[in-house]
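Read the structure below first, then the notes.
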Amino acid sequence: MSVASYGRLKSKKRNNQWMNLISFVVVIFFTILVLFPIWWIFRTSLMSNAEIYQYPPSLLPGNWLFSNYAETLEIFKFWKYLWNTMIIIVPACLAGTFTATLCGYAFARLRFGGKKLIWALCVGSMLLPAMVTLIPLYIGWTRGLGIHDSYLPLILPYFCGGGAFNIFLIRQFIMSIPRELDQAATIDGAGYYRILFSIIMPAIKSAMIVVALFIFIGLWNDLLQQMIYINSSDKYTIALGLTAFRGQLKQDWSLTMAATCMSFAPGVIFYLIGQKYFVEGITLTGLKN
């Protein structure tokens, strides 16, 4: 290798090192921006109200008052609200993931009349704002079916496809699986359901977990619909319970932030458990073979 080539190689290596360092600094900076509000909530939950209003504010509590959480649990019915939330989320996640897989499989592999039109309507429904359908759905559930103060309007829609985006995600994943696998299974005598459960589902496990996480996050944060369909305080979910708790305490920010930390902790835990599959599912959508 000549001296000039060696110099260019060394210069390129040095530039790559600088670019990696700059990228690392940028990632760290944005990570701090994202995590800072979470830290601020947690830090506030461990302070006294007097310390919260001190100026200038401190990044760390003077006294780490973990007793705020015990005091909050005496007022905030966290475990009751968590149980109520799980009553909605568990069947909705299971049914939504399964039905989205069935629909995605049908659009990706089966041939039937009106398939293109139905698919166009399904994809087009993703462009429809949720607020547009909110009032008609409420009238349909309450006046049409006579369902009041119930979890059913929040659960039953997920037994009918799991949502247009989830169907789209599953379909794209299935489209990336070679059809030769289906044809080989058909030659061996396998039917549509056998192919779905024995070949397709194991191959799209990541996508199914992503769908379940999307449904979980959507229902966990869906304050508006829960507020509309749930009226009894003994049926409150985490979102409704936290809203009512915040209104009850008003200016007691230490207990309010403690309740907030307890409310988003289960969601963070579930996300961390499925994080590997979430990233894999998003990254490989349409690319897996």
Side-chain angles (χ1 to χ4, degrees), residues 33-42 44-45 72 76-97 99-100 125-135 137-138 141 149-169 207-233 235-249 253 256-275 277-279 281-282:
L33 285 182
V34 171
L35 294 180
F36 183 75
I38 299 176
W39 164 252
W40 196 260
I41 294 172
F42 178 68
T44 305
S45 70
T72 301
F76 183 59
K77 301 176 182 178
F78 173 74
W79 300 111
K80 175 65 175 177
Y81 298 148
L82 180 61
W83 172 255
N84 292 341
T85 306
M86 290 297 109
I87 291 176
I88 299 172
I89 287 179
V90 171
C93 283
L94 294 177
T97 303
T99 55
S125 67
M126 291 192 293
L127 304 177
L128 192 65
M131 295 301 296
V132 174
T133 61
L134 188 62
I135 295 177
L137 285 174
Y138 175 77
W141 284 112
D149 193 21
S150 173
Y151 298 140
L152 292 180
L154 303 172
I155 300 174
L156 292 182
Y158 290 94
F159 283 79
C160 304
F165 176 77
N166 296 328
I167 295 173
F168 173 80
L169 183 66
M208 294 176 68
I209 294 176
V210 170
V211 167
L213 282 173
F214 277 143
I215 295 174
F216 175 89
I217 294 171
L219 287 172
W220 189 271
N221 297 324
D222 189 10
L223 173 63
L224 181 59
Q225 290 198 81
Q226 294 172 13
M227 187 178 295
I228 289 175
Y229 292 115
I230 301 173
N231 307 120
S232 302
S233 59
K235 294 183 179 179
Y236 276 3
T237 60
I238 286 285
L240 290 176
L242 181 61
T243 303
F245 183 76
R246 184 174 55 192
Q248 176 184 353
L249 292 184
W253 290 109
T256 300
M257 293 304 173
T260 302
C261 287
M262 289 188 288
S263 297
F264 68 66
V268 173
I269 292 172
F270 278 108
Y271 172 76
L272 292 177
I273 293 173
Q275 174 181 284
Y277 299 99
F278 182 83
V279 175
I282 295 297

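- If you take CG on Leu224 and CG on Leu134, they are separated by 5.0 Å, rounding to the nearest 0.5 Å.
- Atoms CD1 and CZ, from Ile41 and Phe36 in turn, are 11.0 Å apart once rounded to the nearest 0.5 Å.
- For the pair Pro153 and Ser150, the tightest heavy-atom approach, listed with the atom from each and the gap, is CD-O, 3.4 Å.
- Distance alone, capped at 3.5 Å, is enough to place a donor-acceptor pair between the Lys235 side chain and the Asp149 backbone.
- For Phe264, the CZ atom is densely surrounded, since the number of other residues' heavy atoms within 6.0 Å is greater than 12.
- Between the CH2 atom of Trp220 and the OG1 atom of Thr237 there is a distance of 9.0 Å, given to the nearest 0.5 Å.
- Once rounded to the nearest 0.5 Å, the distance linking CZ of Phe159 with CG of Leu152 reads 9.5 Å.
- In plain terms, the two heavy atoms of Ala92 and Ile155 that are nearest each other are N-CG2, 4.4 Å.
- The number of heavy-atom neighbours closer than 6.0 Å to CG of Leu35, taken from other residues, nucleotides and ligands shown, is above 12.
- The OH atom of Tyr229 sits 13.5 Å away from the CG atom of Leu240 when rounded to the nearest 0.5 Å.
- Looking at every heavy atom in both residues, Pro37 comes nearest to Leu33 through CD-O, 3.2 Å.
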When the side chains of residues 81-89 are checked against the rest of the protein, which donor-acceptor pairs come out under 3.5 Å, sequence neighbours left out?
unit_1 : atom_1 : unit_2 : atom_2 : d
Asn84  : ND2    : Lys80  : O      : 3.4
Asn84  : ND2    : Asp234 : O      : 3.1
Asn84  : ND2    : Tyr236 : O      : 2.8
Thr85  : OG1    : Tyr81  : O      : 2.7
Thr85  : OG1    : Ile238 : N      : 2.9

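- Taking every heavy atom of both residues into account, Ser45 and Met257 meet most closely at CB-C, 3.7 Å.
- Atoms CE and CG, from Met262 and Leu242 in turn, are 9.0 Å apart once rounded to the nearest 0.5 Å.
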